[in-house]
Amino acid sequence: MSVAQTSISPRLQELQDLFVTSKRDFAFLDEAIGLAEQEANWLFYAQLSEAFVQRCREKGQVAQGLELADKALVILPETTDLLLPRALVQYERSLLYTILGDFERGISELILVHPIIQEFGSARQQISVLRSLGVAYSKNQQPEEGLRFYDLVVQQSADIGDKISIIYTKNNIGINLKNLGRLEEAEAVLRQCIADLPSSGHEYAQAGFSSNLALILEKQGLFADAQVLHEKALQISQNITSLESEVEFLLCFGRHWLMRQLPDHALPILQKALSLAEQVQMKPKIAETHFELATTFRSLGQPDLAYSHLEQGWMLEKQVFNETNAQRIQHLQIRFEVSQRQREAELERSKRQELELVNSELMKVNHENQTLLEQLSQQAREDGLTGLLNRRALDKALNAAFSGAVRHKLDFCIVLFDLDHFKKINDRFGHQIGDAVLREIADLLKRSARDSDILGRYGGEEFVIAFSHSTFEQSLVFAQRWRESVEHHAWYNVHPELNITISLGLAMLSNHENHERLIASADQALYQAKNHGRNRVVVFEP
């Protein structure tokens, strides 16, 4: 089905022509969006919405951008010729979630639009989505996943001959390698980036690359070389008169001297960073600088000044936290208002239809409201003893994750494990110690799992771990590490004579009709682990 517009008003045609020729001047944007909606010119409306949301993102107007994106995605028809335009609006919305720090939501939206843009978008649009996925996963403390997408960016940038994109992406790769502790690889990548970057037109990047390399050298104990790079980054930022970047590089240089236990060197640098950060109202950086100054004055033996800076840092950090939460609340409120306006418009149009259609729509709204009330009233999601998902909530979460993995062709594995000889533990030490062991197992699991993993108590001493976006090999490594961590845990803190091991069964997504079959396969593997001596991981083999 097509929504191509065959007849539009002269004014809208004029605005369309202006949109093509105006580049970044969007003074006419509000009028154009309203008129495009009024005349149902949906392709132009989608293009304008994408441009508007992008402008809001660049100006830091997150709530306004989310409001328009939400509205556009509600209004735009789901037709073939609007598939890519809708995906581009949703892509811009995902970047706003990343700005808000809601990386999980941002990643979810990017995963949804990724196949559409890869199939229908331009080469540069495809690269942008891949890079955004790399950034989102990296910020979500998943550097390995970030590296996977950065590698794809490098490959596709090479296909179109974009050398600058390759250099900038390899800088991100170097940062992830550093975060993974692969320092020598990270150093080699950053040095190559600095060598390959053109000498003019990329001064800010040259400063950033130098600062990143300095941080890597510090971790290797090469402080003299790191100092030279910090000074270079600062000099470049001062030459290009970028106060924001100068604050960042001053902070890094101040930390450098604190790392070398030379607080007297760090003090003037951090004081300058604070002055510049206050000048440009960079609240998060002001808070960071106060904390570093607190450390500095404590090292200099001036506890009163240290406490003063610490207190100011705490106050600012709380203020930033409150402002971020306020933005999120505002967004939720905006989404509710957009949905409410949409429902009101639907009801208004329904008044012109047959009474039967009106009743049908009202029943649909009532059903949606009832479903929402049931969801809000559901409070018993957690297992009372361990704090993990209970059986009912676990089954629901696994069903959703399994369906999503099948739909988007993602990796998905399940581990079912239980405690070896748990009945003997209860018989020998009592149920109070048995309960303490289960709680300790749950706490260990929560500390070692990622945010994207699904954790639950399956029943008794049986537990489930589901890995989303993890390959079979990664899941097997985690299962083995988890088994070893339980075996070597300090169980004497629970009881002096206590030793705990676990047996685990691992099953992966392929050749399973639903999550119940997948759990059943993991259970078979667990049974084999028990029969082969316990304290081991067994992989299900069909």
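Throughout, numbering of the chain's residues begins at 1 and tracks the sequence. Because the structure is a prediction, the values reported are computed rather than measured.
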Taking 4.0 angstrom as the limit, do E109 and R105 come out as a salt bridge? yes
Taking it one step at a time, do E462 and R391 satisfy side-chain contact (heavy atoms from CB on, under 4.5 Å)? CA-CA 11 Å; E462 287 188 319; R391 180 68 175 268; over 6 Å; no
Could you tell me if R131 and T169 have a donor-acceptor pair between their side chains, going purely by distance under 3.5 Å? yes
Report yes if the side chains of L133 and I111 come closer than 4.5 Å at any heavy-atom pair, otherwise no. yes
Candidates D418, L388, D383 - the one meeting side chain to side chain contact (heavy atoms under 4.5 Å, CB included) with F463: L388
At what distance, to the nearest 0.5 angstrom, does CG of L215 lie from CD of E187? 12.5 Å
Checking ring pair (Phe, Tyr, Trp, His ring centres under 6.0 Å) between F467 and each of F412, F478, F472, F402, which is the one that passes? F478
Please report the shortest heavy-atom distance between L197 and H202, naming the atom on each side. CD2-O, 3.6 Å
Check I216 against G174 and note the closest heavy-atom contact, atom names and distance. CD1-O, 4.4 Å
Can you list, pair by pair, the side-chain donor-acceptor contacts under 3.5 Å of residues 434-443, counting residues two or more places apart and other chains?
from : atom 1 : to   : atom 2 : distance (Å)
E440 : OE2    : H489 : NE2    : 2.8

Do the side chains of D420 and K530 get nearer than 4.5 Å, heavy atoms only? yes
Do Y204 and S245 have side-chain atoms, one donor and one acceptor, less than 3.5 Å apart? no
Do you know the tightest heavy-atom contact between G106 and T98? CA-OG1, 4.4 Å
Do the non-hydrogen side-chain atoms of C413 and L506 ever get within less than 4.5 Å of each other? yes
Min side-chain heavy-atom separation F540-L518 under 4.5 Å: no
Heavy atoms of I454 and A401 approach each other most closely as CD1-CB, 3.5 Å
Ionic contact status for D196 with K170, cut-off 4.0 Å: no
If I compare all heavy atoms of R450 with all of S468, which pair ends up nearest, and what's the gap? NH2-O, 3.2 Å
Indicate the ring-plane relationship of Y137 and H469, choosing parallel, tilted or perpendicular according to the 30° and 60° boundaries. perpendicular
D151/I173 under side-chain contact (heavy atoms from CB on, under 4.5 Å): CA gap, chis, key distance, verdict: CA-CA 8 Å; D151 286 339; I173 289 174; 3.7 Å; yes
Apply side-chain contact (heavy atoms from CB on, under 4.5 Å) to residues I167 and F209 and explain how you reach the verdict. CA-CA 10 Å; I167 295 170; F209 293 178; 3.7 Å; yes
Consider only side-chain N and O atoms of S448 and R481, and report whether a donor and an acceptor are under 3.5 Å apart. no
Of R148, Q141, Q142, the residue whose pairing with E145 passes side chain to side chain donor-acceptor pair (under 3.5 Å): R148
Between Y91 and S94, is there a side-chain heavy-atom distance shorter than 4.5 Å? yes
For the residue pair N535 / R483, report whether a side-chain donor-acceptor contact shorter than 3.5 Å exists. yes
Check whether any side-chain heavy atom of I127 lies under 4.5 Å from a side-chain heavy atom of I160, and answer yes or no. yes
Between E497 and R428, is the closest basic N to carboxylate O distance under 4.0 Å? yes
Looking at every heavy atom in both V89 and A72, which two are closest together, and how far apart are they? CG1-CB, 4.3 Å
Okay, side chain of H512, backbone of M508: is any donor-acceptor separation there less than 3.5 Å? yes
Does the pair K285/E288 count as a salt bridge with the N-to-O cut at 4.0 Å? yes
Residue pair H230, E218: steps toward the side-chain contact (heavy atoms from CB on, under 4.5 Å) verdict: CA-CA 11 Å; H230 280 305; E218 287 172 351; 2.7 Å; yes
So does P143 get a backbone contact from the side chain of N176, meaning a donor-acceptor N/O pair under 3.5 Å? yes
Looking only at side-chain N and O atoms, does D411 offer a donor or acceptor that is under 3.5 Å from a partner on T471? no
